[in-house]
Every structure is written in C-alpha cells, then in structure tokens.
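Only heavy atoms go into these numbers, but all of them, side chains included; no hydrogens, no water, no symmetry mates. In the text below, chain A, chain B and the rest are named by the order of the sequence lines, each starting its count at 1.
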Number of protein chains: 2
Amino acid sequence: MTKGDETRDSVLREALAQSSQVGLRGITIGGLADAMEMSKSGLFSHFGSKEGLQSAVMDYAAEAFTQLVIRPALKAPRGEPRIRTLFDRWLGWGGYADYALPGGCIFVSVASEFDDAPEGPVRTKVVQLERDLLDTIETIVRGGITEGQFRESTDPAAFAHDLLAIVLGYNFSARLLRDPAATGRAHDAFDRLLDHIRS
Amino acid sequence: MTKGDETRDSVLREALAQSSQVGLRGITIGGLADAMEMSKSGLFSHFGSKEGLQSAVMDYAAEAFTQLVIRPALKAPRGEPRIRTLFDRWLGWGGYADYALPGGCIFVSVASEFDDAPEGPVRTKVVQLERDLLDTIETIVRGGITEGQFRESTDPAAFAHDLLAIVLGYNFSARLLRDPAATGRAHDAFDRLLDHIRS
DNA sequence: CCAATAAAAGCACGACCGTTCGAATCAGGC
DNA sequence: GCCTGATTCGAACGGTCGTGCTTTTATTGG
C-alpha cells in the first residue's frame with residue numbers, strides 16, 4: 001500500500017468515526033483535517049469533493065461491517081446460530097474494531113439522515129448498502145428454511161425488515177434515551193421474532 | 001394573538017416542515033427567512049438564537065402531535081381501539097394538518113440526530129418529548145390492562161418501546177427505501193404485537 | 001390621531017464552509 | 001544521488017453560517 005492510500009485510509013477511519021456521531025453531512029473537511037493534523041487541501045485532494053468523501057466513507061463502512069459482522073456470522077452454522085451471531089455482532093460492532101465507532105452503527109445513523117434527501121450519488125449509495133444488508137439477512141433466513149429450522153412459510157423479506165426495526169429501536173433506547181434496559185429488550189424482541197419463524 | 005406571535009407561529013410551521021426533511025440541525029436562519037420572504041434579522045429576533053429556534057420548533061411539533069395524534073386517540077374507546085388509533089394516526093400525522101410535514105414524523109427524524117449529541121438544552125428537550133410519548137403509550141396500555149383487554153403480565157414500557165421500533169422501521173422502509181410494502185408490514189408487526197398482549 | 005411600543009429591515013462582523021491552484025516537499029526507481 | 005511523479009501544503013476565492021447593532025416601519029392603546 002502506497003503512502004497516499006495509507007493516509008487516505010486513516011482519514012476514512014477518522015471520518016467514519018465522526019460520521020457515526022454527527023452523520024455523513026455533519027463531517028467537515030476542516031474538522032477532519034484538524035483531527036488528522038494535516039491541511040484541508042491535502043486531505044481534500046484524496047477525494048476530489050465532499051460527495052466523494054461521503055461516498056468513500058460509506059464504502060469504508062460497508063467493508064468494515066462485512067469484516068466485523070457479516071463474515072463472522074457466515075462462519076457460524078446455518079440457521080439460528082448464524083442469524084443470532086449476525087444480530088449480536090450488529091448491536092455492538094462499533095466496539096469490535098481496533099478503532100471505535102463512538103456513535104454506534106453508522107447504517108442506523110445515516111438511514112434517517114437521507115430518507116428525505118433528494119436523489120444523488122450519496123443517497124443512492126446509502127440505499128444500495130442498506131438493501132445489501134437486508135439481502136444478506138434474507139439469504140441467511142432462506143438458509144435456515146432450507147435446513148428445516150425455520151418454517152417454510154417464513155417471509156425472509158419481512159423477517160429482515162423486522163430485524164432491522166429491532167436494531168433501530170435498540171439504537172433509540174440505548175443511545176438517545178440511554179436506557180440500560182435497551183439491550184435486554186432488543187434480545188427479547190429478537191427471541192420473539194425467532195420464535196415466530198421456528199418450525 | 002398579536003402580530004408578532006402570528007409571524008412567529010408561521011415561521012415555526014415552516015421550520016417544522018423543513019426540520020422534518022433536513023433535521024433540526026439542517027434548518028438555517030437564512031433559508032427560513034427566504035422561505036418566509038422576510039429578513040434574516042427580523043426572523044432571528046423572534047427566537048434570540050438558533051438554539052432557541054430549535055427548541056421552539058420541538059415545542060411546536062409536540063403541540064401539533066398532541067392535537068393531531070394523541071387527542072384523537074384518547075377520544076377512542078379504551079384499550080385496543082385507542083392504541084390502534086394512536087398507531088394509525090402516528091404513521092400518517094404528517095398529512096393530517098392543514099400544512100404538511102413533507103419529511104414524515106419529526107420525532108423519528110430527530111431521534112438519531114441527537115443520539116450522540118453532547119448534552120444541551122435542545123437534546124434535553126428532544127429526550128424529554130420522546131419520553132413523554134413513550135409515557136403516553138404506556139398509560140394507554142395500562143388502561144387496556146385495567147379493562148381486562150390486555151394481559152395482566154403485559155409490560156407497558158416494553159410495549160411502548162416495541163411500538164416505537166415498529167414506527168422507526170416503517171419510516172426506514174417507507175421513506176428511505178420507498179418500499180410500497182412498508183405500510184402493510186408495519187400493520188402486520190403491530191397486529192403481532194397486539195396479539196402478544198391480548199388476554 | 002398621536003405617541004409609545006413592537007416588529008421588521010438593513011448592514012456589518014468574524015467564523016467556517018467547500019473548492020482551486022501553484023508551490024513546496026517527499027517517495028521510490030534508475 | 002538525482003529525477004520524476006506522487007503527496008502535501010499555504011493562501012486565497014466566493015458563499016453561507018449565526019449573531020450584534022442601528023434605523024426604519026408597522027401596530028396598538030389612549
């Protein structure tokens with residue numbers, strides 16, 4: 001990895017951390033340059049535009065999420081263990097990297113930030129990544145159906161949607177309200193969701 | 001109502017509409033002034049600071065929500081009809097006023113915006129209003145328990161949390177993904193949630 | 001109708017925004 | 001160890017941000 005790629009990478013790591021707290025729109029070239037102790041223009045030249053930076057952050061986040069959440073889940077046995085691993089890691093993946101995401105899951109933070117945004121490359125990317133995430137969940141569910149662990153009548157898309165809703169609710173309780181019961185409730189909801197599709 | 005209060009009110013209406021789309025942080029004194037066709041300073045003088053404006057917007061939103069969602073729910077019979085009315089109106093309250101909230105429920109939009117924000121008067125207000133909303137749901141659930149419609153063992157706080165999660169998920173699917181199945185899924189999830197507490 | 005008061009406008013400010021560009025500095029291949 | 005290209009920097013740009021003043025205009029009570 002060349003020097004340029006190296007700084008680009010560490011800039012993205014910092015940008016991801018900041019985005020998880022203030023959103024993709026909240027990050028600032030100047031603020032990022034300060035945190036990295038480099039010049040605005042030097043940092044800027046790696047991305048060409050703020051949109052380019054935002055897109056790069058989302059790509060970087062997707063890569064990290066794949067490595068820290070999805071890959072470990074796919075290593076677990078098909079069906080319930082796999083979906084449970086995904087859920088557990090998802091709730092806490094901000095803490096699993098050598099760096100941290102102080103603002104929790106960025107896919108949650110960013111979702112409502114772009115829900116009413118006009119069409120544009122960043123929104124398109126956000127939507128696509130969220131869809132990819134739902135697709136992954138659906139695939140795992142389908143695997144569980146094939147295994148016979150989950151009912152034939154299970155609707156994978158509905159399950160994925162409901163699972164995402166649980167994570168959104170968890171984020172609300174844990175981060176906004178700082179409710180200590182958040183984790184327990186999320187797991188309860190998850191168990192109930194699983195009960196419904198178990199055969 | 002004096003002239004000043006009148007303009008203040010219409011500014012808040014516009015500010016609420018904008019906030020539902022771009023968030024409380026996304027609104028701008030200048031942008032608001034343009035939309036109202038008045039000067040920045042004239043508009044500014046009604047609120048004293050941007051924080052003051054943001055707080056006022058949340059108060060205004062709470063008032064509208066009470067009138068358009070909570071009050072109609074409380075007019076419905078206790079128990080299931082009441083909680084169902086709340087849910088239905090909640091999903092669509094952006095369209096119920098003579099003005100519209102083009103960005104949907106502002107309590108949803110704003111939740112993740114402030115979840116990692118440092119303590120401050122606006123965050124405090126947001127948290128308090130969200131808590132009030134959960135309290136209202138809990139009270140309605142307790143009413144249903146008293147009526148005998150809901151199980152004695154029902155946990156009103158957990159129900160309120162789960163209901164909120166459904167709305168968050170609905171917002172995600174409907175507004176970010178623009179999934180036409182969003183409404184149906186939200187109602188399905190709501191029915192399942194009710195099934196669980198019905199006696 | 002006029003005076004007292006409230007509301008709105010005009011203007012300027014310092015700070016920060018994203019972006020451009022030319023100059024300085026550095027890295028790696030010969 | 002130099003040459004070339006990659007990388008970073010410094011300074012500046014036009015804009016917009018929130019906010020403070022002073023002045024002008026509108027409203028209202030007597």
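- When all heavy atoms are compared, the tightest approach of A:Pro102 to A:Arg175 is O-NH2, 2.5 Å.
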**Q.** Protein-to-nucleotide contact annotation, 5' to 3' order, nucleotides 21-30 of chain C [B base; S sugar-phosphate only; - none; under 4.0 Å, heavy atom]
**A.** B---------

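- Between B:Arg8 atom CZ and C:dA6 atom P the separation is 16 Å, expressed in whole Å.
- When the nucleotides C:dG18, D:dT19, D:dT8 are ranked by their closest atom to the side chain of A:Thr7, D:dT8 comes out on top.
- Considering B:Glu6, B:His46, B:Met38 in turn, B:Met38 is the only one that fulfils the side chain to side chain contact (heavy atoms under 4.5 Å, CB included) rule with B:Val11.
- The base of D:dG10 has none of its N or O atoms less than 3.5 Å from a complementary donor or acceptor on the side chain of A:Lys40.
- Taking the charged nitrogens against the carboxylate oxygens, B:Asp116 and B:Arg123 have no contact shorter than 4.0 Å, which rules out a salt bridge.
- B:Tyr170 contributes atom OH, which lies 10.5 Å from atom SG of B:Cys105 (distance to the nearest 0.5 angstrom).
- Between B:Phe87 and B:Phe190, the angle of the ring planes stays under 30°, which puts this pair in the parallel group of the 30/60° scheme.
- Taking the charged nitrogens against the carboxylate oxygens, A:Asp195 and A:Arg198 do have a contact shorter than 4.0 Å, which makes a salt bridge.
- Rounded to whole Å, atom P of C:dA8 lies 9 Å from atom CE of B:Met36.
- D:dT8 atom P lies 15 Å from atom CD1 of A:Ile29, rounded to whole Å.
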Going by atom type alone, with no hydrogens or angles, which donor-acceptor pairs under 3.5 Å involve a side-chain atom of residues 155-169 of chain A and a protein atom two or more places apart or on another chain?
| residue | atom | partner | partner atom | Å |
| --- | --- | --- | --- | --- |
| A:Asp155 | OD1 | A:Ala157 | N | 3.0 |
| A:Asp155 | OD1 | A:Ala158 | N | 3.3 |
| A:His161 | NE2 | B:Ser173 | OG | 3.2 |
| A:Asp162 | OD2 | B:Arg192 | NH1 | 3.4 |
| A:Asp162 | OD2 | B:Arg192 | NH2 | 3.0 |

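- Rounding to the nearest 0.5 Å gives a distance of 11.5 Å between CD of A:Gln18 and CG of A:Leu24.
- Summarising the geometry, the separation between CD on B:Glu37 and C1' on C:dA8 is reported as 15 Å, rounded to the nearest angstrom.
- D:dC9 atom P lies 5 Å from atom CE of A:Met38, rounded to whole Å.
- As a whole-Å value, the separation of B:Asp5 CG from D:dT28 P is 11 Å.
- Straight-line distance from the CG atom of A:Leu24 to the P atom of C:dG18: 13 Å, rounded to whole Å.
- Between B:Gly31 and B:Thr2, it is B:Gly31 whose nearest contact on DNA chain D lies nearer the 5' terminus.
- Taking atom CG on A:Leu32 and atom P on C:dG18, their separation rounds to 10 Å, with Å as the unit.
- DNA chain D lies under 4.0 Å from at least one heavy atom of each of the following residues of residues 43-55 of chain A: A:Ser45, A:His46.
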**Q.** Verdict with supporting geometry, A:Glu119 and B:Arg178, salt bridge (Lys or Arg N to Asp or Glu O under 4.0 Å)
**A.** CA-CA 12 Å; A:Glu119 303 289 345; B:Arg178 304 200 172 125; 2.6 Å; yes

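- Of all nucleotides listed (D:dC9, D:dC17, C:dA8), D:dC9 comes nearest to the side chain of A:Ser39.
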